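Have a look at the structure below, then the notes.
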Amino acid sequence: MESAFFEQPTLALAEALLGKYVIHETNQGSIVGRIVETEAYKGPEDRAAHSFGGKRTQRTEVMFGPPGHAYFFLIYGMYHCFNVVSAATDKPEAILIRALEPINGIPFMIQQRFPQKYAAGLRKEESLTPRLKKQLTNGPGKLTQALGIDQRYYDHDLKLPPLSIAEPPTQNIDEHLVISRGPRINIAYAQEAIHYPWRFWIKNNPYVSQ
DNA sequence: AGCCCGATTTGA
DNA sequence: CAAATCGGGCTA
């Protein structure tokens, strides 16, 4: 997407990202997922945000930069979360990508998510049950694992390969997306911000996180 | 230096 | 329902 797309206000961008493609160019091809769930985090005013109160540290630094760059952080010592930096320079806001619908590179995703199974060799008929397909990318930690993305893309410009956000091919654009919104997940510490309806998802989409 | 804990996932 | 697992951020 072009610069203007990322310059939208954070809540508008969180909605606008739904239906867009995340593309990771790897030496094993183009790994692609369609965004179906997002959460907005609005720095200074938002107790749930890492940048609450304008907190500026090595970790949050990228959020003070221009919109459209990638913010990655490690959670629970194990999982990487992928965010799109939003809002103007010096306004530390970002959007967490919570779930994707697998579009391309599904064998790669299975290998990343379930290396053990993959090594053992999946039987063809069970290689892509609806159940397994969902498990690939229906959560913020899962989708980064599936796409093979992490901190090495911290501050990467999402207008450029090898990690970018793009309009889907015209024949795959859903003109009539129905969007739902509600409170964000796992922010019990956030006091008054707990109930802000800043989580957005595509209504009835089976790949939304649980 | 030390301590605490998380924008999660998994399996008992 | 608790363990896994570790670096950031805060206190000293």
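Letters go in sequence order (proteins before strands), and every chain restarts at 1. It should be emphasised that the depicted structure is a prediction, and the values quoted were computed from it without experimental measurement.
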#### Entry: Under 3.5 Å on both distances, the Watson-Crick or G-U partner of B:dA7
none

### Watson-Crick or G-U wobble mate for C:dT5, both contacts under 3.5 Å
none

### Query
Can you name the closest pair of heavy atoms from A:Leu163 and A:His156 and give their distance?
O-NE2, 2.9 Å

Can you check the [X] [atom1] to [N] [atom2] distance for me, whole Å?
| X | N | atom1 | atom2 | answer |
| --- | --- | --- | --- | --- |
| A:Ile194 | B:dA7 | CD1 | P | 12 Å |
| A:Lys142 | B:dT9 | NZ | P | 6 Å |
| A:Arg184 | B:dG6 | CZ | P | 15 Å |
| A:Gln151 | B:dA7 | CD | C1' | 14 Å |
| A:Tyr41 | B:dG6 | OH | C1' | 11 Å |
| A:Asn83 | B:dT8 | CG | C1' | 13 Å |
| A:Gln145 | B:dT9 | CD | P | 9 Å |
| A:Asn186 | B:dG6 | CG | P | 10 Å |

### P gap between B:dG2 and C:dT5, integer Å
22 Å

I'd like to know whether [atom1] of [X] has more than 12 heavy-atom contacts from other residues, nucleotides or ligands below 6.0 angstrom.
| X | atom1 | result |
| --- | --- | --- |
| A:Lys133 | NZ | yes |
| A:Arg131 | CZ | no |
| A:Glu192 | CD | yes |

### Message
If the cut-off is 4.0 Å, is A:Arg98 near the phosphate of B:dT8, judged by side-chain N/O to OP1 or OP2?
### Response
yes

### Message
Under 4.0 Å, counting only non-hydrogen atoms across every strand here, what does A:Arg113 touch: a base, just sugar-phosphate, or nothing?
### Response
sugar-phosphate

### Message
If you apply the rule ring pair (Phe, Tyr, Trp, His ring centres under 6.0 Å), what do you find for A:Tyr153 with A:His24, and how did you get there?
### Response
CA-CA 11 Å; A:Tyr153 291 117; A:His24 185 208; 5.3 Å; yes

### Task
List the protein contact pattern of nucleotides 2-12 of chain C with one symbol per nucleotide (5' to 3'): B for base contact, S for sugar-phosphate-only contact, - for none; contact means a heavy-atom distance under 4.0 Å.
--BBB-SSS--

### Task
Can you sort out which residues in residues 197-210 of chain A have a heavy atom within less than 4.0 Å of DNA chain B? Ascending by number, please.
none

### Query
After noting the C-alpha distance and the side-chain angles of A:Ile97 and A:Leu143, does the key distance pass the side chain to side chain contact (heavy atoms under 4.5 Å, CB included) rule?
CA-CA 9 Å; A:Ile97 306 302; A:Leu143 69 91; 4.1 Å; yes

### Message
Centre-to-centre under 6.0 Å for A:Phe73 and A:His80, is that the case here?
### Response
no

#### Entry: Distance-only side-chain donor-acceptor flag, A:Tyr154 / A:His69, under 3.5 Å
no

### Message
Does either side chain, that of A:Tyr189 or that of A:Gln191, offer a donor lying less than 3.5 Å from an acceptor on the other one?
### Response
no

